[in-house]
Amino acid sequence: MNDDLKGAGPGAPDADGDAERNDFIRAFVREDLAAGRNDGRVHTRFPPEPNGYLHIGHAKAIMINWTLSQEFGGKFNLRFDDTNPEKEDVEYVESIKTDVRWLGADWEDREFHASDYFDQLYAWAQHLVREGKAYVCSLDEEQIREWRGTVTEAGKASPDRERPAAESLDLLERMRKGEFSEGKYTLRAKIDMAHPNMKMRDPLLYRIRRVPHHRTGDKWNIYPMYDFAHGQSDAIEGITHSLCSLEFEVHRPLYEWFIENLPVPYKPRQIEFARLKLTYTVMSKRKLLQLVKNNHVAGWDDPRMPTLSGLRRLGYTPTAIRRFAERVGVAKRDSTVDLDLLKWSIREELNREAPRVMAVLRPLKLVITNYPEGQVENITCENNPEDPNAGTREVPFTRELYIEQDDFREDAPRKYFRLKPGGEVRLKHAYLVKCEDVVKDAAGNVVEVRCTYDPESHGGSSPDGRKVQGTLQWVSAAHAARVEVRLYDNLFRVPFPEEGGADFLENLNPDSLEVITDALVEPGLGQVAPGYRCQFMRLGYFFADPVDSKPGAPVFNRTATLKDSWAKLEAGGKPE
RNA sequence: UGGGGCGUCGUCAAGCGGUAAGACACAAGGUUUUGGUCCUUGCAUUCGCGGGUUCGAAUCCUGCCGCCCCAACCA
C-alpha cells in the first residue's frame, strides 16, 4: 500500500473486466486503423507546459493518451511544451515527471521538449518566409490587436505584409541574434486577414523574448508561439493522434495549415475532448498558483489541492485516480463531475485494502468500575473484514479507556444507539459495557463515563442474545499513542466557487482543515511508516503524511470520511 | 450580429433508424461486532423546444432556443 512515490508501475490500464471502451476518440482511431492510415500505428503524447503542477484534470488527459496508446499496442511520449520561458521552470518539469510516473503512464525513453526542436522550427520559419507565407511585422502589440479586426469585422493587412522575403529573412535572423528589443518585431504567417476564424488572421509565429530558457539558456532571443511549435513537434515525433482540449478546436485549421505548408515528416491528426472540471474546487493553473502564492494553502502539494501531488499527500492512490478517469469517460460536452465520484473511487479501493485500526479523535474517558485495576488483556482484532487474509492483531484492553466524545450523549435522541446513561454498547472486539454514571466538571461537562462490563461478553459477543445496537472503537488510556491528525475537507464551501462571476477566494471553505494534535490511537499505530494507509474504524481512511511524519510520530491525513448515515439522519432532523 | 463546438436522469455518460446501458448521487428494505461494506428494489413513457420524413426517430431533415470557445507578442 505504500506506493507514495514508487508509482503504479508501467502498466496496463486497470483491467476492470469492462467491455472494450468505445468513446468517440477510440472510434476515430479504429477508423484510421481500418483505413490503413499511419501504417497501423497509434502514437500519442502528453504535452504539459512546465508552468505549474499537474492536477486531476491532467490525470484525465494523461490516462486518455496513455490508455489509448496501450490499447492499440502503440507508444506514448511525454513532451514539455516549453515555448514560454518567462513562465516555465525546471521545478515544474520535475514535478510533472514524478506525477506522470506515479500515475503509471510510461514514456520509456521518449521524454521530449519543444525546445529540442527550436533549430528545426526556426528553419521551418525561414522556409515559410522564402515561400512568401510569412513575414516580419513591425506592428506593436496594440496595433496588431486593432488591425486584427473583430469577430464580425475583417482585419486589415499589416503594412509589412508584402515585405520582400529577403528582407524578412534578414530581420528574422537579427531578431534571433538579439539585435532588437522585445516587441519590436514579430514573425507572422501570411494567411488571411479576413478569415472568419480569428486564429487564421496572420497569426504570430515568433516573438522576441530576451530571457534565458531553462533548457536552452541564452541561445535564443526569439521563441515560437504555441501554434507554431505544437503541431510541428507532433509531426517530428510521429504522433498519430494529437489529443487536446476543446478550446483548441479553433486552432485546428491553423494546426493543419502548418502541417500542409511545411515539409514535415508526418501528418498528425488533432482531436479535441472536454477537459475535466470538478465541483468544490478550481482547476486552472493560474488560480491554483494564486492559492499557493497567497498562502491560502500550504503549497502545491497541500492535501486540499486538486493537484496530483496534493491528492497523493491526501492519501489517494494511482489506481483510484485511474479508475476515476475511466469512470468519467471522454466526450466533447462541457461538464463538471461531482466530487463525490472522485471520493467514491478512493473509498472503493481503501474499503477493500485498508487495515482497520482504532483511533479516538476527541477522547472521553471511560472507566469500567468492575474491571480489575492493573489488568491488561490482549484483545484479538480482525484487521479487515473485507479481506480474510488480512489476519489479526492484539490490542491491549484495560480498566481505563478512551472513547469518542461523539459516542456518548447524556440526553440522547431516541434513535441514538451509542452510549447513554443506562444504555449498553459493544466495545469493538472486547466487551459489552453499560453506562452507570457520569462525572462532570465544574462547568457541567461530562468528563468521564463510568460503566460496568459483562465478563461473559468476551470478544464483544452477546452472551444471552440480547440486542446491543451500538459498537464503539476505543483505546486503552495507559497504552494509547498520541498523534497528530489532520481532518481535511473540501477546499471550497460551494460546488461552483466561481458561479455568477464570484471571486473564488470568497468561497474558500474556512473549515477545510482541522488539526487535532492529541488524538489517541492504538499502540501499534505510533510506529507506522510514512505512506501507511488505514481505516480509523468508524471515522474514515487515513494516510501517514510522507512529509511531516517523523519516526515514532506519524501525522495522519484524513483521505476520506466514511459514509455517515447517522449524521445525515440527524441533520435531517429525524433522529427523534 | 462572424466562425467553431455542444445540448440524453441531480452529476458524468452509453446509444449512430427498431422502440432509453452503466456509474456516482438520492430513496426504501435486508444482512452486519464499523449507523462502514455488501445485497435487493426504486429512480428519464423520455432524449433543449417545435415542425417534418418514416410502419417506426434520442438517432435522418428543418426552424428555433440555450450554453461554451475564438479578437494574449499564454498554452
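Atom set for the values below is all heavy atoms of this structure, side chains included, hydrogens, waters and symmetry mates excluded. Since the model is a prediction, treat every value here as computed from it, not as a measurement. In what follows, every chain begins at residue 1, and chains take the letters A, B, ... in the order their sequences are listed.
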Query raised in the report: Any side-chain N or O of A/Thr279 less than 4.0 Å from the OP1 or OP2 oxygen of B/U11?
Result: no
Report summary line: Between A/Val395 and A/Cys381 the two heavy atoms that sit nearest each other are CG2-SG, 3.7 Å
Query - Inter-nucleotide P distance (B/A75, B/C12), Å rounded - result: 30 Å
Requested in this report: Describe the nucleic acid contact of A/Tyr223 in one word from base, sugar-phosphate, nothing, applying a heavy-atom distance below 4.0 Å.
Outcome: nothing
Requested in this report: Could you check whether A/Arg352 gets within reach of a base, just the sugar-phosphate, or nothing at all, counting any heavy atom under 4.0 Å?
Outcome: nothing
Query - Selection from B/A25, B/U1, B/C12 that lies nearest to any side-chain heavy atom of A/Thr336 - result: B/C12
Query - Side-chain N or O of A/Arg426 closer than 4.0 Å to phosphate OP1/OP2 of B/U34 - result: no
Query raised in the report: Looking at A/Glu348 and A/Arg327, does any basic side-chain N land under 4.0 Å from a carboxylate oxygen?
Result: yes
Query - N or O in side chain of A/Arg275 less than 4.0 angstrom from B/C6 OP1/OP2 - result: no
Query raised in the report: Among B/U11, B/A13, B/C73, which is the nearest nucleotide to the side chain of A/Arg333?
Result: B/A13
Requested in this report: Kindly confirm or rule out a cation-pi arrangement of A/Arg176 over A/Tyr122, judged by NZ or CZ under 6.0 Å from the six-membered ring centre and within 45° of its axis?
Outcome: yes
Query raised in the report: Looking for any heavy atom pair under 4.0 Å, which part of the strands does A/Asp140 touch: base, sugar-phosphate only, or nothing?
Result: base
Query - Among B/G36, B/C73, B/A75, the nucleotide that comes nearest once only the side chain of A/Phe248 is considered - result: B/A75
Query raised in the report: Ignoring hydrogens and geometry, is there a side-chain-to-backbone donor-acceptor pair from A/Glu88 to A/His214 under 3.5 Å?
Result: no
Query raised in the report: Looking at the side chain of A/Arg327, which of B/A71, B/G36, B/A23 is the nearest nucleotide?
Result: B/A23
Report task. Pick base, sugar-phosphate or nothing for A/Glu49, based on heavy-atom distances below 4.0 Å to the nucleic acid. Result -> sugar-phosphate
Query - A/Asp89 (side chain) donor-acceptor with A/Asn51 (main chain) under 3.5 angstrom - result: no
Query raised in the report: Over how many whole Å does the gap from A/Leu289 atom CG to B/A75 atom C1' extend?
Result: 14 Å
**Report entry** Closest nucleotide among B/C12, B/U34, B/A72 to the A/Ser335 side chain
**Finding:** B/C12
Query raised in the report: Has the side chain of A/Glu247 got a donor or acceptor atom sitting under 3.5 Å from an opposite partner on the base of B/G5?
Result: no
Query raised in the report: Taking the C1' atom of each, how far is B/U40 from B/G5, in whole Å?
Result: 43 Å
**Report entry** Shortest side-chain distance from A/Arg538, nucleotide among B/C73, B/G35, B/A14
**Finding:** B/G35
Query raised in the report: When all nucleic acid strands are considered with a 4.0 Å heavy-atom cut-off, which category describes A/Met200: base, sugar-phosphate, or nothing?
Result: nothing
Query raised in the report: What interatomic distance, in whole Å, is found between P of B/U19 and the corresponding atom of B/U62?
Result: 26 Å
Query raised in the report: Can A/Tyr226 be classed as stacking with the base of B/A75, given a centroid separation cut-off of 5.5 Å and a plane angle cut-off of 30°?
Result: no
Requested in this report: Counting heavy atoms from C-beta on, name the nucleotide in B/C73, B/G10, B/G35 closest to the side chain of A/Arg148.
Outcome: B/C73
Report task. Can you figure out which of B/G3, B/G35, B/G5 approaches the side chain of A/Glu249 most closely? Result -> B/G5
Query raised in the report: Quick one: is B/C68 close enough that its OP1 or OP2 comes under 4.0 Å of any side-chain N or O from A/Lys332?
Result: no
Query raised in the report: Side chain of A/His113, backbone of A/Asp116: donor and acceptor closer than 3.5 Å?
Result: no
Report task. Classify the nucleic acid contact of A/His251 as base, sugar-phosphate or nothing, counting any heavy atom under 4.0 Å across all strands shown. Result -> base
Report summary line: Side-chain atoms of A/Val328 come closest, of B/A71, B/C73, B/C12, to B/C12
Query - Anti/syn call for B/A23, syn if |chi| within 90° - result: anti
Query raised in the report: On a whole-Å scale, what distance lies between the C1' atoms belonging to B/A25 and B/U32?
Result: 23 Å
Report summary line: Closest heavy-atom pair, A/Met283 versus A/Ile56, reported as atoms and distance to 0.1 Å, is CE-CG2, 3.3 Å
**Report entry** Whole angstrom value for the distance that separates C1' of B/C70 from CZ of A/Arg201
**Finding:** 10 Å
Query raised in the report: Roughly how far apart, to the nearest Å, are B/G7 and B/U59 at atom C1'?
Result: 14 Å
